[in-house]
4 protein chains.
Amino acid sequence: MPLHFQSDKPIYLQIVDTMIHEIVRGRRFPGDKLPSVREYAVEVGVNPNTMQRVYRELDARQITKTKRGQGTFVTDDEETIQQLREQLKQRYIDSFLTDMTGLGFTIEEIISSIDKEKGGTSDDSNQ
Amino acid sequence: MPLHFQSDKPIYLQIVDTMIHEIVRGRRFPGDKLPSVREYAVEVGVNPNTMQRVYRELDARQITKTKRGQGTFVTDDEETIQQLREQLKQRYIDSFLTDMTGLGFTIEEIISSIDKEKGGTSDDSNQ
Amino acid sequence: MPLHFQSDKPIYLQIVDTMIHEIVRGRRFPGDKLPSVREYAVEVGVNPNTMQRVYRELDARQITKTKRGQGTFVTDDEETIQQLREQLKQRYIDSFLTDMTGLGFTIEEIISSIDKEKGGTSDDSNQ
Amino acid sequence: MPLHFQSDKPIYLQIVDTMIHEIVRGRRFPGDKLPSVREYAVEVGVNPNTMQRVYRELDARQITKTKRGQGTFVTDDEETIQQLREQLKQRYIDSFLTDMTGLGFTIEEIISSIDKEKGGTSDDSNQ
DNA sequence: GTGGTCTAGACCACT
DNA sequence: GTGGTCTAGACCACA
């Protein structure tokens, strides 16, 4: 999930999404301390102001909790994380179904195709 | 399917992909004449040489057929188009399953979720 | 096999052919590193872009394999090279027979003439 | 047999060769009148002086005979034409054998391959 | 008009 | 260093 600057989506929202993914996919755990704004800004290669906005947004969505003087931490409310997971799921499904029905496949065909994939190779040859 | 200049994928390949999508989704028909290289280059906002490369690539993949002095045409070999459709299908499914299993869902959960979507809202909320 | 600029065949295809000959005739070996695009362009006296196209074409035909940042190498798939050799053989034979039958010779006369050449002078008097 | 100006061979000799081919292959008959120097120069797109040299060369080789005030005519000495035919044959064979042995084929293999061509398709797909 | 080729010169990503 | 991409602009062959 690389950042594609110059995409039509604001950079800070792209980073927010990336962070949500990392949390939901279990790469960052509830209660984990996130990197400092400055540190993370350098790592990602954006302006600290942009990263500040990322953390503000995450806090506003109660995905993280910032403690003054200590840093920013992933929420330990599993319920919230579960909701994020459901949101992502729904987004993936919607986008997938839009793509597939655009190709003219019916729900039944789609399900049947997925069914065949059980244990299949996830050969990520996009580029 | 907007062009993301600055993406890591070369512009000419992005345009190739776009063209393939348009053909597979039935927005361009077998035998259709494509815009001229120069015309399309202006429309998309790239250099004619870049667009030339697009047409060359499409020809090499036998997706189009170029007739010197006349223009470039979508192949009328329905078989080829059908293959493209299958390729896209497989790519969408692979990518989708990678995403979903990354979130920890099993094939059964995924199928069950899709099943619930029958007649559901295909609300294109990507942005 | 000199380059005939002004021939009707594009320069880049002439160079591709030359390279194929060099490989098939055993002047370049499987796995060999080719000269760099820029270097070879200077040597042959064409624009680097033209030479780039040559390497691209060779790669597309799987005659060479390009490793980013390292260079372009003759394929080590002997099978591919063997196929090229057969192609060249067929082309030479076809062209030769077209010429000879154009002069009114029958296959039998042609074979008989070649037969007499055994150990004969291969006196390259083309010019 | 197109003319490749800028080849290493002088243009006038290229035209001489072309003329010889036309005679030997039976496209011009013994006794035929050739176009006038000026006429033919225009047709081929060369300077009349160059074409003059062509006719002089053909006359010198006794392939044509120029009659002042009447024009230039293909020799009606069938013997001479027969010799030309033999020369061309030898040249084709030498060149062919050089090519084939360069690819590593033996005379026996070559003959065997030609033998298989009897009634074969002469598919002239060079360019 | 159409596509095809070539040059010149720039910038990028990878090692 | 390596190859890969893109632009700009020119000229050609075909119909």
Side-chain angles (χ1 to χ4, degrees), chain A residues 2-6 45 126-127, chain B residues 3-19 31-75, chain C residues 3-19 31-75, chain D residues 2-6 45 126-127:
Chain A
L3 291 187
H4 290 301
F5 301 100
Q6 251 84 353
N126 252 25
Q127 150 80 331
Chain B
L3 292 187
H4 290 295
F5 301 89
Q6 256 84 359
S7 156
D8 51 348
K9 180 176 276 192
I11 293 177
Y12 85 97
L13 283 182
Q14 294 183 46
I15 302 176
V16 164
D17 280 355
T18 303
M19 183 57 77
D32 269 12
K33 182 177 181 306
L34 297 186
S36 82
V37 168
R38 288 163 181 79
E39 195 184 338
Y40 204 30
V42 169
E43 184 180 330
V44 175
V46 298
N47 185 285
N49 271 319
T50 302
M51 194 54 80
Q52 180 79 19
R53 208 161 170 182
V54 169
Y55 280 37
R56 187 170 241 285
E57 183 74 20
L58 288 168
D59 258 37
R61 299 195 199 174
Q62 303 188 318
I63 294 165
T64 57
K65 182 120 199 329
T66 290
K67 300 175 188 169
R68 300 262 309 221
Q70 298 185 48
T72 299
F73 302 82
V74 177
T75 179
Chain C
L3 291 187
H4 289 294
F5 299 91
Q6 255 84 357
S7 154
D8 51 347
K9 181 176 277 190
I11 292 177
Y12 83 98
L13 283 182
Q14 294 183 46
I15 302 176
V16 163
D17 279 356
T18 303
M19 182 59 77
D32 270 11
K33 183 177 179 306
L34 298 186
S36 81
V37 169
R38 288 163 183 78
E39 195 185 337
Y40 204 30
V42 170
E43 185 180 329
V44 176
V46 298
N47 184 284
N49 271 318
T50 302
M51 194 53 81
Q52 180 80 19
R53 207 160 172 184
V54 170
Y55 279 37
R56 188 169 240 285
E57 184 74 20
L58 288 168
D59 258 37
R61 299 195 199 174
Q62 303 190 318
I63 295 165
T64 58
K65 182 121 195 331
T66 291
K67 300 176 189 168
R68 300 263 309 221
Q70 298 185 48
T72 299
F73 302 82
V74 178
T75 180
Chain D
L3 293 186
H4 291 302
F5 301 99
Q6 252 85 355
N126 252 26
Q127 149 82 326

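Naming convention: chains lettered A, B, ... in sequence-line order (proteins, then strands); numbering from 1 in each chain.
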Handout entry: Pair partner, E:dC14 [Watson-Crick or wobble, under 3.5 Å]
Key =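 F:dG1 is the nucleotide pairing with E:dC14.
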
Problem - Base-pairing assignment for E:dT7 (Watson-Crick or G-U wobble, both under 3.5 Å) - result: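 Matched E:dT7 with F:dA8 under the 3.5 Å cut-off.
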
For [X] and [N], give me the distance from atom [atom1] to atom [atom2], rounded to whole Å.
X: C:Met51; N: E:dG9; atom1: CE; atom2: P; value: 18 Å
X: B:Lys9; N: E:dA13; atom1: NZ; atom2: C1'; value: 17 Å
X: C:Tyr40; N: F:dG4; atom1: OH; atom2: C1'; value: 20 Å
X: C:Lys33; N: F:dT2; atom1: NZ; atom2: P; value: 6 Å
X: B:Asp59; N: E:dG4; atom1: CG; atom2: P; value: 7 Å
X: C:Asp8; N: F:dA13; atom1: CG; atom2: P; value: 10 Å
X: C:Ile11; N: E:dT7; atom1: CD1; atom2: C1'; value: 10 Å
X: B:Phe73; N: E:dT2; atom1: CZ; atom2: P; value: 11 Å

Exercise for the section: Salt-bridge test for B:Arg53 and B:Glu57: reply yes if a basic N is under 4.0 Å from a carboxylate O, no otherwise. Expected result: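 The answer is no: the pair does not qualify as a salt bridge.
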
Handout entry: Closest-nucleotide ordering on DNA chain F, the 5'-leading residue of B:Tyr12 and B:Arg38
Key =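 Checking each residue's closest nucleotide, the 5'-ward one belongs to B:Tyr12.
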
Of the listed nucleotides ([options]), which one gets closest to any side-chain atom of [X]?
X: B:Val37; options: F:dT5, F:dT2, E:dG3; answer: E:dG3
X: C:Asn47; options: F:dA13, F:dG9, E:dT7; answer: E:dT7
X: B:Thr50; options: F:dT7, F:dG4, F:dA13; answer: F:dT7
X: C:Tyr55; options: E:dT2, F:dG3, E:dG4; answer: F:dG3
X: B:Val46; options: F:dT7, F:dT2, E:dG3; answer: F:dT7

Using a cut-off of strictly less than 4.0 Å, decide whether [X] has a side-chain nitrogen or oxygen near OP1 or OP2 of [N].
X: C:Arg53; N: E:dT5; answer: yes
X: C:Ser36; N: F:dT2; answer: yes
X: C:Gln52; N: F:dG4; answer: yes

Exercise for the section: Specify the closest pair of heavy atoms between C:Val54 and C:Tyr12, including all atoms of both residues, with the distance to one decimal. Expected result: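 Closest pair (atom of C:Val54, atom of C:Tyr12, distance): CG2-O, 3.5 Å.
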
Exercise for the section: Among C:Asp59, C:Asp32, C:Thr66, C:Thr64, find the residue that satisfies the side chain to side chain donor-acceptor pair (under 3.5 Å) test when tested with C:Thr72. Expected result: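 With C:Thr72 as partner, C:Asp59, C:Asp32, C:Thr66, C:Thr64 yield a single side chain to side chain donor-acceptor pair (under 3.5 Å), made by C:Thr66.
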
Handout entry: 5′-ward residue of the pair B:Lys67/B:Asn49 relative to DNA chain E
Key =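 Between the two, 5'-proximity favours B:Lys67.
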
Problem - pair C:Ile63-C:Met19: side-chain heavy atoms closer than 4.5 Å - result: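 Counting from C-beta outward, C:Ile63 and C:Met19 never come under 4.5 Å.
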
Handout entry: pair B:Tyr40-B:Glu43: side-chain heavy atoms closer than 4.5 Å
Key =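 Yes, side chains in contact.
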
